[in-house]
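See below for the structure under consideration.
If you're wondering where the values come from, they're calculated on a predicted model, not measured in any experiment.
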Amino acid sequence: MKVGVARETAAGERRVALVPEALGKLTAAGLQVLVEAGAGAGSSIPDSAYVEAGAAIVPTAELYASADVVLRVQKPSPAEVALMRPGQAVVGFLAPLIDPALAASLAARGVSAISLDALPRTLSRAQTMDALSSQANVGGYKAVLIAANAYGRYFPLLTTAAGTARPANVLILGIGVAGLQAIGTARRLGAVVKAYDVRSETKEQAESLGATFIVLKSVAEGAGEGGYARQLSPEEQAAQQAELNGHIATMDVIITTAQVPGRRPPLLVTAEAVRGMKPGSVIVDMAASALGGNVELSKAGETVVSDNRVSIIAPDNLPATMPAGASAFYARNISNLLLHFVKDGAMTYDFDEEITAGTVITHGGQVVQAATRKLLEPAAPAVGGAA
């Protein structure tokens, strides 16, 4: 069985699906690895490093013509989909709930699409495959470095002959993997860190890293399915916001990480809250995307400076800004997921098994994942009409 490693073509994407160090596990399982020429360039990995690890370097056309499975980070472009053939499989971050049309086009070509962002994350045996967590870890670390670079003062308490610099007050909103890494990184830089999440079970996790957990009296327990926070009702959101604004006004740096799969991220920092912050404060909105962000004023991929001189940074694809480290983590995740499907040198699909049922989006010419299939169903006709 041949496994292909695609060269990423998405704008700004510098990661690669496999690093040379990860090839040994696949070749030991009897798999032959083909790497598209230049696939590792964004992560400073030359083609020669893959050759030394036992892979063959091939041009684009040969990769798609020969590989039984194509591994990638981002979803394929329409041109790359057109190169794929029936019976082939593709594994990566395919975002089926955001781009169901891609799933439909892969199904139409008879391709089996396996999406890492659909992995059932609460399964303990899936933890080594959880690329969302590994990449969020990278993102949480880098978000703090970006904030520290943009903030015009020190993060730690410093006492010098010229005077004393007080530590920065940092607030982390959303205590998942990214939030916990952000807490740890900000603390290592010497900041005074507070954290908030609607899920009460995150309190102990935040405090274990040295943060002070903010308890809001206006919001009930907010834990949802799959390890994510649930969507709050409009009434809960309004009460949460009013109480949270008082804490936001005292902060020098805010990092937001809260996301809901396939939906607009919850609004945590309103324009009103930004107006209450001190000039020179910094916000990094990790959740910002085409769907929106946690900060009302953020624009994905841009830095916005408010009228009161608060910098709102909404970076695109933070893991891609640390491509070598992020790729090393991702390679282990995708290798473990791939080997989950490989039996006797071929891809096998047992839809009674939870990982397969969760991650396989298309197979046998059909969109098989229920959530994606529902998004592709035609809208029901309106009942009734004008008299």
Side-chain angles (χ1 to χ4, degrees), residues 14-15 43 127 130-197 199 201-215 227 247-248 250-259 268-269 277-278 280-288 294-295 303 310-330 332-333:
R14 297 167 59 197
R15 291 172 291 178
S43 297
Q127 289 180 357
D130 188 357
L132 282 176
S133 289
S134 75
Q135 303 306 290
N137 200 309
V138 176
Y141 170 80
K142 190 60 181 285
V144 175
L145 300 187
I146 289 173
N149 186 60
Y151 183 54
R153 299 178 183 274
Y154 289 106
F155 261 41
L157 170 69
L158 286 182
T159 301
T160 72
T164 299
R166 65 171 180 82
N169 289 307
V170 176
L171 174 61
I172 312 298
L173 295 176
I175 311 176
V177 173
L180 290 170
Q181 179 59 253
I183 290 170
T185 304
R187 286 283 295 155
R188 286 191 291 272
L189 289 177
V192 175
V193 182
K194 292 185 178 180
Y196 171 70
D197 196 294
R199 298 166 296 171
E201 71 268 19
T202 62
K203 179 177 185 292
E204 184 177 347
Q205 297 170 2
E207 291 176 342
S208 71
L209 292 172
T212 299
F213 187 84
I214 295 174
V215 178
H247 295 280
I248 289 173
T250 66
M251 293 296 128
D252 301 307
V253 172
I254 297 175
I255 296 172
T256 68
T257 72
Q259 300 188 50
L268 300 178
V269 183
M277 297 179 70
K278 300 183 293 290
S281 300
V282 174
I283 303 173
V284 178
D285 187 353
M286 287 186 62
N294 294 147
V295 184
T303 296
V310 175
S311 297
I312 303 155
I313 305 169
D316 275 333
N317 195 359
L318 279 174
T321 66
M322 292 185 59
S327 295
F329 285 145
Y330 186 85
R332 294 171 197 141
N333 298 141

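We find the NZ-CG distance between Lys203 and Asp197 to be 13.0 Å, quoted to the nearest 0.5 Å. Distance CD1/Ile248 to CD1/Ile214: 8.5 Å, rounded to 0.5 Å. Once rounded to the nearest 0.5 Å, the distance linking CD of Gln135 with OG of Ser327 reads 7.5 Å. Expressed to the nearest 0.5 Å, how far OG of Ser43 lies from CE of Met322 amounts to 11.5 Å. In this structure, CD on Gln205 lies 9.5 Å from CZ on Phe213, to the nearest 0.5 angstrom. How far CD1 of Ile254 is from CE of Met277: 3.5 Å, rounded to the nearest 0.5 Å.
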Less than 3.5 Å apart, which donor and acceptor atoms pair up between the side chains of residues 162-180 and the rest of the protein, not counting sequence neighbours?
from   : atom 1 : to     : atom 2 : distance (Å)
Arg166 : NH1    : Asp252 : OD2    : 3.0
Arg166 : NH2    : Asp252 : OD1    : 3.3

Would you list the atom pairs, donor with acceptor, under 3.5 Å between side chains in residues 137-144 and any protein atom, with sequence neighbours excluded?
from   : atom 1 : to     : atom 2 : distance (Å)
Asn137 : OD1    : Gln181 : NE2    : 2.5
Lys142 : NZ     : Thr321 : OG1    : 3.0

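Atom CZ of Arg188 is surrounded by more than 12 heavy atoms from other residues, nucleotides or ligands within 6.0 Å. Atom OH of Tyr154 has 12 or fewer heavy atoms from other residues, nucleotides or ligands within 6.0 Å.
Ser134 places no side-chain N or O within donor-acceptor distance of the main-chain N or O of Ala326, the cut-off being under 3.5 Å. In this structure, Asp285 contributes its side chain and Asn294 its backbone to a donor-acceptor pair below 3.5 Å. Although no hydrogens or angles enter the test, the distance criterion places no donor-acceptor pair under 3.5 Å between the side chain of Thr185 and the main chain of Ala182. Remark: side-chain polar atoms of Ser133 are not paired, donor with acceptor, to backbone N or O of Asp130 under 3.5 angstrom.
Looking only at atom types and distance, the side chain of Arg15 has a donor-acceptor partner in the side chain of Asn317 under 3.5 Å away.
Residues Phe155 and Val253 are in side-chain contact: their nearest non-hydrogen atoms beyond the backbone lie under 4.5 Å apart. Taking 4.5 Å as the limit, some side-chain heavy atom of Leu318 sits within range of a side-chain heavy atom of Met286.
Considering every non-hydrogen atom in both Ile183 and Ala211, the closest pair reads CG2-CB, 3.7 Å. The shortest non-hydrogen separation linking Met251 to Ser281 is O-OG, 3.5 Å.
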